[in-house]
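Numbered from 1 within each chain, the chains take letters A, B, ... in sequence-line order. On a predicted model such as this, the values are computed, not experimentally measured, just so you know.
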Amino acid sequence: MAEANETDIAIIGGGIAGVASAYHLALAGKRVTVLEKGAVGAQASGVNFGGLRTNGRAMAELSLSLRAREIWRKLKDLIGHDCETEFTGHVEICDREDHLAAVEKWAPEANAFGVGAEMLSGAAVARRFPWIGRRMLGGIYVATDGAANPRLVTPVFARAVRKLGVTIREQEPVTSVGYHNGRFEITTGKGAVIRSPILVNAAGAWGKRIAQHFGEDYPLDVMAPQMVVSEPFARQVTATVDYPVNGRFFYVRQISRGNLLFGRGPGRADLDTSRASYVPQNVFDASRIAIDILPMLKGRTFLRSWAGVEGKTPDSLPILGPSPVRDGLIHAFGFSGHGFQLGPATGAVVTDLILKGKTATDISGFSPRRFKTS
Amino acid sequence: MSLEKIVIIGSGPAGTRAAETLLRQGCRNITVISEAPASGGQIYRRQPQGFGRQADEIYGSEAEKATALHRSFDALAGSVDYRPNTLVWNIFDRKVFTNGPDGVEEIPFDRLVLTTGAMDRILPVPGWTFPGVFTLGGAQIALKHQACAIGRQVVFAGAGPLLYLVAWQYMKAGAHVVAVLDTSAFANKMAASLKLLALPRLMFRGLKFRRDLKAKGVALHEGVRLTRIDGDRSVTAINFTKSGVTQRLACDAVGLGFGLNPEMQIAELAGGRTRFDRTFRQWVLAHDGEGRVAEDVYVAGDGHAIGGADVAELTGERAAWAVLADLGLPVSAERQSVIRRALKRQAIFRQGIEQSFPLPAEWLVDTPDETILCRCENVTFGEVRAAITELEPNDVNRLKAFARPGMGRCQGRVCGHVLAELLAAETGRPLEEVGRLRGQAPVKPLHYKAAAGMAEAGIQQWLEQADKVLENG
């Protein structure tokens with residue numbers, strides 16, 4: 001006998017987008033059930049770089065990103081734990097004229113949104129960040145950006161969400177999703193059936209598969225962020241740095257306990273096994289860049305590498321908004337490697353859409369309708 | 001003859017016998033990679049060049065086996081691509097990633113034979129991170145390799161055959177052994193004696209160690225519970241209880257160990273399957289009975305399941321026969337059957353050893369909160385317990401993510417099994433259900449500079465171009 005559960009809102013995906021949606025909905029008094037095929041925050045939400053940056057974001061993401069920045073600042077009040085959030089600033093450094101020109105164009109537009117970006121000359125980069133071992137043409141800096149520990153954020157969010165009465169069903173993959181008599185009907189691998197008038201698809205890299213149950217076929221690819229972490233050493237790297245080399249960003253930060261973390265992709269990911277692998281060439285290339293811009297790494301070792309599974313859209317913007325074909329279905333997936341910082345605000349936007357049918361946050365660039373899906 | 005590229009990792013008893021058999025049967029493209037400067041593995045580790053001790057001084061009753069193994073390796077070393085002093089730190093896309101005297105290299109393989117050995121199994125006792133506390137294996141290597149003792153007044157504590165062997169070797173070498181503190185009661189050994197009789201020579205050798213130690217006045221305490229190691233800057237004493245009575249022994253060094261854990265990280269990165277073994281109370285590699293653990297990947301020796309040096313030699317040869325069979329080369333059914341029979345006796349003996357020296361994992365629930373569980377990352381039992389209670393991790397990898405144990409230099413090789421035991425005990429779940437820490441590259445720390453040597457040319461070009469831009473600008 002299948003176990004039947006009625007709820008106001010079902011959310012598929014226990015990543016940061018899904019759990020933060022549950023949080024805001026529960027605060028508004030809704031009954032919510034979150035379905036997670038593994039453990040909460042175990043995929044892209046848990047294994048990413050942990051960067052909380054507004055700097056360098058696509059214009060289409062800035063409204064959401066700035067809303068997220070406000071929520072991150074209050075994280076401890078919201079969920080009872082700061083999850084190692086720090087606002088140490090983020091700098092994107094430039095050693096090419098075209099790159100510098102691009103950030104110079106971006107800065108005033110972004111500042112119109114309230115980002116607070118500051119252009120730096122090459123000399124200012126050297127003065128502000130004396131540990132950067134290369135001369136630069138310039139850079140762009142946002143003092144209020146920061147980072148958090150992604151391994152903690154979603155599980156701690158989940159703990160807070162459970163306290164608000166939300167049911168989170170972990171280790172319960174969704175086996176089928178249907179719509180009957182005005183209700184979504186979701187069957188899980190444990191044989192449970194969850195019925196709800198509203199469904200949120202926050203299934204990350206697997207979001208395409210959930211959407212396919214409704215005949216919507218989104219162009220979602222898989223990507224695998226790649227991370228490498230060092231042995232701890234006295235903190236020198238005082239801001240998060242982004243540096244593009246050959247069209248791909250190298251990004252690095254040092255956590256307060258001293259370990260230095262950098263990333264540079266792409267890796268390899270498998271949706272069926274939910275596992276990603278670290279491609280060794282990435283660590284070679286990233287290490288070459290690392291010892292060049294951070295000469296203090298020359299005598300040091302790294303300890304670990306890892307990779308995560310993440311969904312990527314053709315324009316690297318998320319699919320966030322109501323389904324064009326099914327009333328009551330809200331998509332919030334495909335964050336293309338940008339979803340961690342956006343996560344808390346994504347939850348707020350999903351809640352706006354469900355409770356009010358609209359949101360003050362500009363999500364026009366994320367419309368599911370921008371893709372041909374059938 | 002075969003020119004398929006066979007890469008053997010390890011040059012101990014298992015790696016040596018695997019290489020020897022493959023070479024003798026016509027394999028002509030063999031690479032042997034070893035982290036050690038010379039062959040022999042841990043058990044038959046050779047002394048540095050220029051040291052003049054005789055084999056029987058170093059290896060005791062096993063001198064003949066050690067010498068034979070060294071000779072076998074020396075005879076084959078010239079016919080294989082032998083790479084000593086070379087760390088294997090990753091396996092990816094049918095390539096072995098090494099770091100050796102010439103830096104980082106990628107070595108493609110057709111077949112991979114893993115003989116990666118074992119590491120001491122430790123149970124943290126309050127004070128276990130004081131300088132002067134060594135693993136039993138570490139204490140033995142200091143003596144075997146460089147003729148050094150770990151202290152002037154040494155206590156050996158823990159469980160397992162190595163406990164008495166190392167104590168005996170120290171005594172023989174003239175070190176002052178204060179006591180042997182065996183956490184297993186005498187009754188456990190009595191109960192296991194029938195199984196131990198499967199290999200009478202080894203059993204009687206063990207009894208001789210005890211007899212000799214007693215005759216020299218070394219105190220033997222069995223069935224003890226280790227409660228605390230005292231120290232200020234280094235070890236000053238060890239405390240234990242026996243039959244409800246607490247005792248304290250002054251000492252300046254402690255050799256501590258509770259058997260061995262297989263080193264399986266490389267096998268795991270190569271796709272090797274693992275299974276939980278209840279007898280060993282640990283994870284082992286799940287091979288097909290002949291050493292096949294994944295497609296074109298073979299395992300042998302303590303690295304696939306703890307069995308000791310003799311088993312390592314046997315399984316090393318067994319893995320070689322499996323490779324030869326898969327290459328379509330002739331195999332000796334007779335040798336395979338001899339190996340099978342010998343391994344059967346060894347397996348019964350090994351069950352006896354496990355029964356004689358059970359891991360006192362039940363201590364862990366009482367280990368004080370302030371005791372360090374992960375010494376690399378300085379994570380205490382209390383911090384791990386808090387993460388278990390507050391965030392309810394369902395397995396050890398998740399627990400590692402929450403509280404950092406196992407994230408440091410040793411990658412959880414020391415504390416991984418402790419973490420699993422504690423999570424199982426604190427949540428009342430079977431040990432096998434909480435899983436084991438996944439192997440991640442690099443298996444051991446790697447220098448950025450070494451890794452940078454393999455960067456693609458485009459990176460260097462970008463950086464050089466950047467310098468030009470700045471010069472002009």
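A salt bridge links B:Arg111 with B:Asp296; the closest basic N to acidic carboxylate O contact falls under 4.0 Å.
A tilted orientation is assigned to the rings of A:Phe302 and B:Tyr448, their planes being inclined by 30° to 60°.
Your options are A:Arg159, A:Arg300, A:Arg96, and the one with the most heavy-atom pairs under 4.5 Å with chain B is A:Arg96. Listed options A:Pro150, A:Ser230, A:Ala158 were ranked by heavy-atom pairs under 4.5 angstrom with chain B; first place goes to A:Ser230. Of the listed residues A:Glu170, A:Met136, A:Gln171, A:Arg275, the one with more heavy-atom pairs under 4.5 angstrom with chain B than any other is A:Arg275. No other option in B:Phe92, B:Phe97, B:Trp462, B:Phe402 has as many heavy-atom pairs under 4.5 Å with chain A as B:Trp462. Among the candidates B:Gly408, B:Pro442, B:Ala401, the residue making the largest number of heavy-atom pairs closer than 4.5 Å to chain A is B:Pro442. Most heavy-atom pairs under 4.5 Å with chain B: of the set A:Ile289, A:Val47, A:Val245, A:Val283, this distinction falls to A:Val245. Heavy-atom pairs under 4.5 Å with chain A peak, among B:Gln440, B:His447, B:Arg438, at B:His447. Across A:Ile293, A:Val279, A:Val229, the residue that shares the most heavy-atom pairs under 4.5 angstrom with chain B is A:Val279.
Remark: side-chain polar atoms of A:Ser305 are paired, donor with acceptor, to backbone N or O of B:Ala441 under 3.5 angstrom. Formation of a donor-acceptor pair under 3.5 Å by the B:Arg275 side chain with backbone atoms of B:Val284 is not found in this model. The closest donor-acceptor contact from the side chain of B:Trp89 to the backbone of B:Thr98 lies under 3.5 Å. Proximity of a side-chain donor or acceptor of B:Asp369 to a complementary backbone N or O of B:Thr380 within less than 3.5 Å is not detected. B:Arg94 contributes a side-chain N or O that, together with a main-chain N or O of B:Asp110, makes up a donor-acceptor pair within less than 3.5 Å.
With a 4.5 angstrom heavy-atom cutoff, B:Val443 does not touch chain A via any of its atoms. In this structure, no portion of A:Ala286 lies under 4.5 Å from any heavy atom of chain B. Neither the backbone nor the side chain of A:Phe250 comes within less than 4.5 Å of any heavy atom in chain B. For a residue to count as touching a neighbouring chain, one of its non-hydrogen atoms must lie under 4.5 Å from one of that chain's; by this rule A:Arg135 touches chain B with backbone and side chain alike. For B:Glu456, the parts sitting under 4.5 Å from any heavy atom of chain A are the backbone and the side chain alike. Using a 4.5 Å cut-off between heavy atoms, A:Leu303 contacts chain B through both its backbone and its side chain. Residue A:Leu297 touches chain B through both its backbone and its side chain, counting heavy-atom pairs closer than 4.5 Å. Residue contact with chain B, scored on non-hydrogen atoms closer than 4.5 Å, is absent for A:Asn282. At a 4.5 Å heavy-atom cutoff, the contact between A:Pro244 and chain B is made by backbone atoms alone. For A:Asp285, the parts lying near chain B are the backbone and the side chain together; criterion is any non-hydrogen pair under 4.5 Å.
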Show me the side-chain donor-acceptor pairs of residues 386-395 of chain B shorter than 3.5 Å, one per line, residues at least two apart or across chains.
| residue | atom | partner | partner atom | Å |
| --- | --- | --- | --- | --- |
| B:Thr389 | OG1 | B:Arg385 | O | 2.8 |
| B:Asp395 | OD1 | B:Asn397 | N | 3.3 |
| B:Asp395 | OD1 | B:Arg398 | N | 3.0 |
| B:Asp395 | OD2 | B:Asn397 | ND2 | 3.3 |

For this session: Verify salt bridge (charged side-chain N to carboxylate O under 4.0 Å, His left out) between A:Arg257 and A:Glu86, making sure each step is shown before the conclusion.
Result: CA-CA 12 Å; A:Arg257 66 193 315 287; A:Glu86 280 194 298; over 6 Å; no

Exercise. How far apart are the C-alpha atoms of A:Asp270 and A:Arg268, what are their side-chain angles, what is the distance that settles it, and do they pass the salt bridge (charged side-chain N to carboxylate O under 4.0 Å, His left out) test?
Worked result: CA-CA 7 Å; A:Asp270 186 329; A:Arg268 218 182 274 171; over 6 Å; no

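Taking the centre of each ring, A:Phe129 and A:Trp131 come in below the 6.0 Å mark.
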